[in-house]
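Right, one structure below, let's go through it.
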Number of protein chains: 2
Amino acid sequence: MKLRSHCPTNYALEHFGDKWSLLIVRDLMFKGKRHYNEFFESDERVSTSVLGERLRNLEAVGIISKGEDHAKKSRIRYSLTEKGIALLPLMVEMIIWSGIFDNKTAAGEDFLKKAKKNKAALLTALHRKLKTEHLS
Amino acid sequence: MKLRSHCPTNYALEHFGDKWSLLIVRDLMFKGKRHYNEFFESDERVSTSVLGERLRNLEAVGIISKGEDHAKKSRIRYSLTEKGIALLPLMVEMIIWSGIFDNKTAAGEDFLKKAKKNKAALLTALHRKLKTEHLS
DNA sequence: CTGTATCCTTAGGGATACTG
DNA sequence: CAGTATCCCTAAGGATACAG
């Protein structure tokens, strides 16, 4: 990966600075989705070519990993890596920011209330959950 | 602004989900830059056309605002709006994340240490500073 | 089910010149 | 100084078909 600069903001943007990558992270992190077809069916209507490319890229930069589903070996299951799980605080801040400024997003009221009341506790709980579910 | 969905993650991505917008926010937020030529001179080497388009867009979505420089009325000065300043926690989390995983970024050691030691205090201090400097 | 491959169209972006 | 306008090329993305 050749970076435009070594600024930390830029480092992050070169990893996931596009309109699709973090939607996959969101699906893995908050929606319990783990399979290709589940990502494909998300509301934003990604195309197969874009989805394939983003999955490949996220794996290449170490944010997600692929493994076979233990229930059905022909089925591939995606997981967040440690690097991916570490995006949790960033994702939560994104949700909070949108919650403040998007008056149309009624969804997630409960989440926002929790985040406002005790953010640290919410992060700890989610972090533990992700670790047990995604790190083998 | 026509959104692909009303998911909060998507709302945020539709605002600044590209490789350039948050670099401008970074310059305003952490580098004290306020003018066109200063953004243009940043390390990532943005082109004039892209810079112009991004400034226009960030203003259109309410993250930055334009005003004339009180020192020199022909000079335009950019400011973060309240909506832009509210991106502070998100930006800080981005920097922390990159600080963990980018071993080449030695810069900002001091910032990272402070963020780890007492994040809330750092945020409060920066937030106050931004409010006094950007909100007239 | 989990993807690739292909085709085609559109959007992003670099370089440069130019304007108030 | 603070941009816009233009040109041109490449990258991104949608649609569809196909493969293991």
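By convention in this document, chain letters (A, B, ...) are assigned in the order of the sequence lines, proteins followed by strands, and residues within each chain are numbered from 1.
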Contacts under 3.5 Å, N or O only, protein and nucleotides 16-20 of chain C:
residue, atom, partner, partner atom, Å
C:dT16, O4, B:Thr48, OG1, 2.8

- Query: Does the side-chain contact (heavy atoms from CB on, under 4.5 Å) test come out yes or no for A:Ser21 and A:Leu58, once each step is laid out?
  - Reply: CA-CA 7 Å; A:Ser21 296; A:Leu58 285 172; 4.1 Å; yes

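- In this structure, CG of A:Leu58 is placed 16 Å from C1' of C:dG3, rounded to the nearest angstrom.
- Under a 3.5 Å cut-off, the side chain of A:Glu38 and the backbone N or O of A:Arg34 do form a donor-acceptor pair.
- Here C:dG3 presents its P atom at 11 Å from CD1 of A:Ile24, a figure rounded to the nearest Å.
- Atom CG of B:Asp18 is separated from atom P of C:dG13 by 7 Å (rounded to the nearest Å).
- For A:Glu53 and C:dG3, the CD to C1' distance is 14 Å, given to the nearest whole Å.
- Between B:Trp20 and the phosphate of C:dG13, there is a side-chain N or O to OP1/OP2 separation shorter than 4.0 Å.
- In the set D:dA15, C:dT2, D:dG3, the nucleotide with an atom closest to the side chain of B:Ile76 is D:dG3.
- When only modelled atom types and interatomic distance are considered, B:Glu53 and B:Asn57 share no side-chain donor-acceptor pair under 3.5 Å.
- The residue B:Arg77 sits apart from the nucleic acid: no heavy atom pair falls under 4.0 Å.
- Phosphate proximity of C:dT2 to A:Arg75: present, with a side-chain N or O under 4.0 Å from OP1 or OP2.
- Within the 4.0 Å cut-off from OP1 or OP2 of D:dT4, at least one side-chain nitrogen or oxygen of B:Arg56 is found.
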Output a table of donor-acceptor pairs, distance under 3.5 Å, between side-chain atoms of residues 64-71 of chain A and any protein atom two or more places apart or on a different chain; print 'none' if there are none.
residue, atom, partner, partner atom, Å
A:Asp69, OD1, A:Ala71, N, 3.0
A:Asp69, OD2, A:His35, NE2, 2.7

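- Rounded to a whole Å, the CZ atom of B:Phe39 is 10 Å from the P atom of D:dA2.
- Among all heavy-atom pairs drawn from B:Leu112 and B:Gly99, the shortest one is CD1-CA, 3.8 Å.
- OP1 and OP2 of C:dG12 both lie 4.0 Å or more from every side-chain N or O belonging to B:Arg54.
- When atom types are taken as modelled, the side chain of A:Ser5 and the backbone of A:Cys7 share a donor-acceptor pair closer than 3.5 angstrom.
- In this structure, A:Glu44 atom CD and D:dG14 atom P are separated by 12 Å, rounded to whole Å.
- Backbone-only engagement by B:Lys66 is indicated by non-hydrogen atom pairs under 4.0 Å involving sugar-phosphate atoms exclusively.
- OP1 or OP2 of D:dG3 has at least one side-chain nitrogen or oxygen of B:Tyr78 nearer than 4.0 Å.
- Minimum atom distance to the side chain of A:Ser47 is reached by D:dG14, of the listed D:dC1, C:dT2, D:dG14.
- Checking A:Leu55 against A:Lys19, the closest nucleotide of DNA chain C that is more toward the 5' end is the one next to A:Leu55.
- The separation between A:Arg34 atom CZ and C:dG3 atom C1' is 18 Å, rounded to whole Å.
- The aromatic rings of B:Trp97 and A:Tyr11 lie tilted to each other, with the angle between the two planes from 30° to 60°.
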